[in-house]
Asks: 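Pasting a structure here, questions to come.
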Amino acid sequence: MLKFWKKKPAETPPGQPAGPATESVPAAELAHDTDATSLDKTALGEALAETPPPPDAPVEDESFEPIALAEAATAKRGWRDRLSGSAFARGLSSLFNRHPKLDDDLLDELETTLITADVGIEASTALVEDLRKRMHKREFADAGALLAALRQSLVALLRPVEKPLAITGHQPFVILTVGINGVGKTTTIGKLARRYRDEGHQVMLAAGDTFRAAAVEQLKTWGARNSVPVISQGQDADSASVIFDALQAARSRGADVLVADTAGRLHTQGGLMDELGKIARVLKKLDADAPHEVLMVIDGTTGQNAVSQVRQFRQIVGVTGLVVTKLDGTAKGGVVFALAREFGLPIRYVGLGETATDLRVFEADAYVDGLLPASLGQG
């Protein structure tokens with residue numbers, strides 16, 4: 001029995017270091033979690049004194065250790081692999097398989113497919129009518145040529161919003177993230193922190209979602225995972241105060257990027273929307289140009305409702321960029337085209353999976369390639 005108990009802890013294969021050991025950061029290097037309430041009357045350096053993550057932090061996400069392996073495996077999967085399950089991709093593949101002949105019936109069904117995939121009535125009608133005119137002028141030899149023309153039209157619709165976010169020109173560069181409940185906003189912030197950290201930037205996070213239970217702890221877990229400090233207070237604290245203190249801390253520490261979380265504001269609740277406006281006003285007391293990016297996170301499964309969400313958030317807090325998440329699951333995929341046509345706002349990133357590396361910089365060609373069949377008779 002004694003030999004059994006001595007051998008059991010040594011389960012790590014020889015030569016392979018344990019996961020936590022490779023990720024550990026000396027306490028003197030970086031604070032994962034800083035209480036913003038201590039920033040007012042104490043020295044800022046002491047307030048940001050590095051403390052290790054809470055002892056139970058690794059337990060909060062038991063999948064932490066296999067994350068690196070999962071990311072390495074999924075990074076090889078292309079856009080087509082990720083988007084092929086969307087209603088848009090399935091609908092178009094099925095359509096061209098059923099109608100290999102070039103005629104008006106094909107175009108009628110194409111218009112229906114685009115509308116039901118959340119491209120929107122106006123955009124769908126405009127796309128199909130343009131193709132119909134060109135077909136009648138005999139510009140297409142067959143349905144394959146029409147498919148190629150559709151690809152070009154869709155890319156042309158998305159090209160103007162293909163504008164990657166450049167976090168330059170300000171230090172710290174302040175990104176304020178907004179969006180309604182359940183869109184994956186906090187998770188997106190964690191993925192952004194990972195991306196910017198891997199690019200060599202010093203990143204800080206502000207736990208401004210003090211409304212939703214456990215939102216602060218969720219962001220702290222992402223901070224610990226990515227070795228990024230998080231400025232926070234408790235639940236129900238004033239969100240504007242938390243983010244204001246975080247900007248002070250980021251400036252003092254010489255951070256390159258500050259990403260601020262906010263509560264999942266329901267766009268139908270005027271009071272909550274007004275608070276977002278308050279956050280923007282408070283930040284300008286420290287930096288007249290802050291926030292430098294107002295990044296709205298959109299759930300790709302919400303369809304046309306996303307258009308009304310963006311419209312209202314844009315009026316309140318001046319959205320400057322979009323992130324569309326959950327496009328690898330049941331999302332119809334067409335909402336990206338509807339957003340591009342309606343607002344012309346830059347689509348900075350799209351979420352194509354669960355891991356940090358699945359938050360991809362938006363690429364118009366890659367997105368359309370992922371949705372359309374490669375050729376007739378092929379998914």
Side-chain angles (χ1 to χ4, degrees), residues 76-163 300-301 303-304 306-307 324 326-344 346-347 350-353 360-379:
K76 298 179 181 179
R77 297 183 61 188
W79 290 67
R80 183 177 298 279
D81 291 333
R82 293 304 181 133
L83 296 171
S84 60
S86 70
F88 195 134
R90 295 196 313 271
L92 288 177
S93 296
S94 173
L95 170 64
F96 281 97
N97 285 335
R98 295 194 319 271
H99 293 278
K101 182 180 177 181
L102 181 61
D103 55 23
D104 283 314
D105 289 340
L106 171 61
L107 289 174
D108 289 341
E109 282 210 37
L110 173 60
E111 183 174 7
T112 300
T113 300
L114 293 176
I115 292 174
T116 55
D118 289 329
V119 174
I121 295 177
E122 292 184 3
S124 300
T125 301
L127 284 168
V128 171
E129 287 307 309
D130 176 67
L131 292 174
R132 195 185 303 276
K133 291 178 182 177
R134 296 172 64 183
M135 181 186 73
H136 290 161
K137 293 179 181 178
R138 302 185 181 279
E139 292 187 21
F140 309 133
D142 51 30
L146 184 141
L147 174 61
L150 175 62
R151 182 189 303 274
Q152 294 173 357
S153 297
L154 291 175
V155 170
L157 184 57
L158 295 181
R159 187 81 72 192
V161 299
E162 183 188 58
K163 298 177 182 178
T301 66
Q304 288 296 301
V307 175
V324 185
K326 307 180 184 180
L327 288 171
D328 59 314
T330 59
K332 296 179 180 179
V335 68
V336 172
F337 300 97
L339 292 170
R341 178 181 173 85
E342 178 78 15
F343 304 105
I347 299 176
V350 290
L352 301 180
R360 310 282 182 91
V361 173
F362 179 68
E363 301 175 31
D365 285 286
Y367 189 76
V368 174
D369 284 342
L371 292 174
L372 268 63
S375 62
L376 290 184
Q378 181 177 353

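In what follows, residues are counted from 1 in the order of the sequence shown. Side chains are part of it too, since the values below use all heavy atoms of this structure and drop only hydrogens, waters and symmetry mates.
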Asks: Going by the rule side chain to side chain contact (heavy atoms under 4.5 Å, CB included), which residues pair with Val335 if we only count those two or more places apart in sequence or in a different chain?
Replies: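 For Val335, the residues satisfying side chain to side chain contact (heavy atoms under 4.5 Å, CB included) (neighbours in sequence not counted) are Asp118, Ala306, Leu339.
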Asks: Sequence neighbours excluded, which residues qualify as side-chain hydrogen bond (donor to acceptor under 3.5 Å, both in side chains) partners of Glu122?
Replies: none
Asks: Quick one: salt bridge (charged side-chain N to carboxylate O under 4.0 Å, His left out) partners of Glu342, sequence neighbours excluded?
Replies: Arg311
Asks: Residues in side chain to side chain contact (heavy atoms under 4.5 Å, CB included) with Leu157, at least two apart?
Replies: Phe337, Arg341
Asks: The criterion is side-chain hydrogen bond (donor to acceptor under 3.5 Å, both in side chains); which residues satisfy it with Glu363, sequence neighbours excluded?
Replies: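 If we apply the side-chain hydrogen bond (donor to acceptor under 3.5 Å, both in side chains) test to Glu363, skipping adjacent residues, there are no hits.
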Asks: To the nearest 0.5 Å, tell me how far Leu95 CG sits from Thr112 OG1.
Replies: 9.0 Å
Asks: Scan for salt bridge (Lys or Arg N to Asp or Glu O under 4.0 Å) pairs involving residues 94-106, sequence neighbours excluded, and state none if there are none.
Replies: Arg98-Glu109, Asp104-Arg132
Asks: Rounded to the nearest 0.5 Å, how far does CG of Leu146 lie from CG of Leu107?
Replies: 5.5 Å
Asks: If you compare all heavy atoms of Val119 against all heavy atoms of Ala123, which two are closest, and at what distance to 0.1 Å?
Replies: O-CB, 3.7 Å
Asks: Mind checking side-chain hydrogen bond (donor to acceptor under 3.5 Å, both in side chains) for Asp130 and listing every partner two or more places apart, or none if nothing turns up?
Replies: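 Once residues adjacent in sequence are excluded, Asp130 has no partner under the side-chain hydrogen bond (donor to acceptor under 3.5 Å, both in side chains) criterion.
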Asks: Considering all heavy atoms of both residues, which atom of Leu158 and which atom of Ala340 are nearest to each other, and what is their separation?
Replies: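 Heavy atoms only, the tightest pair is CD2-CB, 3.9 Å.
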Asks: Decide side chain to side chain contact (heavy atoms under 4.5 Å, CB included) for Leu92 and Leu110; before the verdict, give the C-alpha distance in whole Å, the side-chain angles of both, and the deciding distance to 0.1 Å.
Replies: CA-CA 8 Å; Leu92 288 177; Leu110 173 60; 3.6 Å; yes
Asks: Answer yes or no: is there a donor N or O on one side and an acceptor on the other, between the side chain of Arg80 and the main chain of Leu372, under 3.5 Å?
Replies: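 Checked: pair present.
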Asks: So, taking the atom named CG in Leu102 and the one named CG in Leu147, what distance separates them when rounded to the nearest 0.5 Å?
Replies: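 It is 11.5 Å, given to the nearest 0.5 Å.
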Asks: Could you measure the distance from the CH2 atom of Trp79 to the CG atom of Leu352? Nearest 0.5 Å is fine.
Replies: 5.5 Å
Asks: Which class fits the ring pair Tyr367 and Phe362: parallel under 30°, tilted 30 to 60°, perpendicular over 60°?
Replies: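 The arrangement is tilted - the two ring planes meet at 30° to 60°.
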Asks: Any salt bridge linking Asp365 with Arg151? Criterion: basic side-chain nitrogen under 4.0 Å from a carboxylate oxygen.
Replies: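 Looking at Arg151 together with Asp365, the answer is no, because their closest N to O distance does not fall below 4.0 Å.
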Asks: Can you name the ring-ring contact (aromatic ring centres under 6.0 Å, His included) partners of Phe140, sequence neighbours left out?
Replies: none
Asks: Do you know which two heavy atoms are closest between Gly370 and Leu83, and how far apart they sit?
Replies: O-CB, 3.7 Å
Asks: Show the nearest heavy-atom pair for residues His99 and Ala143, with the distance to one decimal.
Replies: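 The pair with the smallest heavy-atom distance is O-CB, 4.3 Å.
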Asks: Write down the atom of Ser124, the atom of Glu111, and the distance for their closest heavy-atom approach.
Replies: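 Looking at all heavy atoms of both residues, the closest pair is CB-O, 4.2 Å.
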Asks: For the atom pair OG1 (Thr125) and CD1 (Ile115), what is the distance rounded to the nearest 0.5 Å?
Replies: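 Between atom OG1 of Thr125 and atom CD1 of Ile115 there are 5.0 Å.
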Asks: Who passes side-chain hydrogen bond (donor to acceptor under 3.5 Å, both in side chains) against Thr116, sequence neighbours left out?
Replies: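 With neighbours one apart ignored, the set is empty.
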Asks: Starting at OG1 of Thr301, measure out to CG of Leu327 and round the result to the nearest 0.5 Å.
Replies: 9.0 Å
